[in-house]
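Here's the structure we're looking at; comments come further down.
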Amino acid sequence: MAGISPRTGREPAVSIVMSGGYEDDRDDGDEVLYTGEGGNDASARRQIADQTLTKGNLALARNLTLGTPVRVFRGHRLDSKYAPPVGYRYDGLYRVEDMWAASGIAGFRIYRFRLRRSEGQAAPWTVQPGVLGPAPRTAGWVQRVVRDSALSRRVKELHGFRCQVCGITIETAGGFYAEGAHIRPLGSPHDGPDVEENILCLCPNHHVMFDLGSLTVGDDLGIVGAPGKLRLVDGHLPGQDFLRYHREHYAELRRPPAQSEE
Ligand SMILES: [Zn+2]
């Protein structure tokens, strides 16, 4: 009952099966918090050991990095109103939006993946039997969505659109370009606030590195993953709590893949 396949960890996952074996899963239909594999007692349906960033978990990390969607199947034993009544059902393409490490309900380290159903597909749970839904579009390739709130705009302006990691500014005909990076991510389950203390002004490279955990910031504002310290300007100080949250959930994703077997 391997949920993620293939599990070599050398290539992105093609499919995952949600069948209810993991107590930390959460299913909202179009959005899923999927628990990585390993450390799980399938019969008791609970975690009994830490998960590692190997095999299927590493495969899903590649989906995130490459932007490759994954096919999601739900099984009837899944404890969710979106589960099919019998058997297994193919529920379409989902993209891996985010991943992080967390302490699960049972206290062991788990990897969590936020999956979002790609648009343009009729959801099986909304289609009446015998009625054809709209034909699914194969919009599988995804562009990163960069949020820009009024606050992130202000943070960027305070920094003169200069990356707080490398100090570069990107000048275009339309003005300077930088990205506002939320330190503790917005949205459930992170629920980071949209406040200036929770936003960094970063260039696109360092934004991606930050979101993928390849770059973190210490309490002393020293940068792990790039040289130097976080650049500061008057009037904007990132919150230590937010930086700590980011480290606790994302820092270990930058470790090279473990070679050992589970
Ligand atoms: Zn930069």
Side-chain angles (χ1 to χ4, degrees), residues 12 53 58 60-68 95-102 111-114 116 141-187 190-257:
L53 191 45
L58 188 55
L60 281 176
R62 298 206 191 286
N63 289 79
L64 170 66
T65 306
L66 296 170
T68 309
R95 58 198 159 91
V96 182
E97 270 193 344
D98 192 9
M99 72 172 286
W100 62 92
Y111 290 96
R112 305 194 83 182
F113 300 86
R114 182 170 32 233
R116 188 171 306 282
W141 302 99
V142 172
Q143 190 179 343
R144 242 161 53 82
V145 177
V146 178
R147 289 192 182 90
D148 194 12
S149 65
L151 285 172
S152 72
R153 174 95 163 266
R154 182 174 142 76
V155 168
K156 290 189 284 188
E157 282 168 354
L158 282 170
H159 285 274
F161 292 79
R162 190 175 296 279
C163 174
Q164 286 187 257
V165 171
C166 66
I168 72 157
T169 55
I170 298 173
E171 195 169 2
T172 79
F176 289 109
Y177 181 84
E179 296 181 359
H182 283 93
I183 303 169
R184 177 173 181 151
L186 305 175
H190 302 297
D191 296 324
D194 191 25
V195 297
E196 290 177 15
E197 297 75 32
N198 192 31
I199 297 172
L200 298 175
C201 173
L202 298 179
C203 70
N205 277 358
H206 285 128
H207 190 181
V208 170
M209 289 175 71
F210 191 76
D211 282 356
L212 297 178
S214 301
L215 189 154
T216 57
V217 180
D219 276 332
D220 62 351
L221 301 183
I223 296 170
V224 178
K229 283 191 155 192
L230 199 68
R231 292 158 182 266
L232 298 179
V233 293
D234 285 344
H236 177 240
L237 190 63
Q240 294 284 356
D241 288 352
F242 302 137
L243 291 170
R244 194 172 308 121
Y245 183 95
H246 178 264
R247 288 199 303 275
E248 286 172 0
H249 290 78
Y250 292 87
E252 61 184 84
L253 303 185
R254 75 181 290 262
R255 290 189 313 192

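Just so you know, these numbers use all the heavy atoms, side chains as well, and skip hydrogens, waters and symmetry mates. We count ligands from 1, going down the list as the structure has it; atoms in each ligand are counted the same way. One-based numbering along the sequence shown.
The side-chain contact (heavy atoms from CB on, under 4.5 Å) search around Glu248 returns Arg244, not counting sequence neighbours.
Judged purely by atom type and a 3.5 angstrom limit, Gln164 uses its side chain to pair as donor or acceptor with the backbone of Arg231. Looking only at distances, no side-chain donor or acceptor of Asp98 sits under 3.5 Å from a matching main-chain atom of Arg114.
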Derivation and outcome, side-chain contact (heavy atoms from CB on, under 4.5 Å), residues Phe210 and Ile183: CA-CA 8 Å; Phe210 191 76; Ile183 303 169; 3.8 Å; yes

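Around the Zn ion (ligand 1), protein N, O or S atoms at less than 2.8 Å number 4.
Closest approach of Met99 to Tyr111, counting heavy atoms only: CE-CD2, 4.2 Å.
Using a cutoff of 4.0 Å between basic side-chain nitrogens and carboxylate oxygens, Arg247 and Asp219 are scored as salt-bridged.
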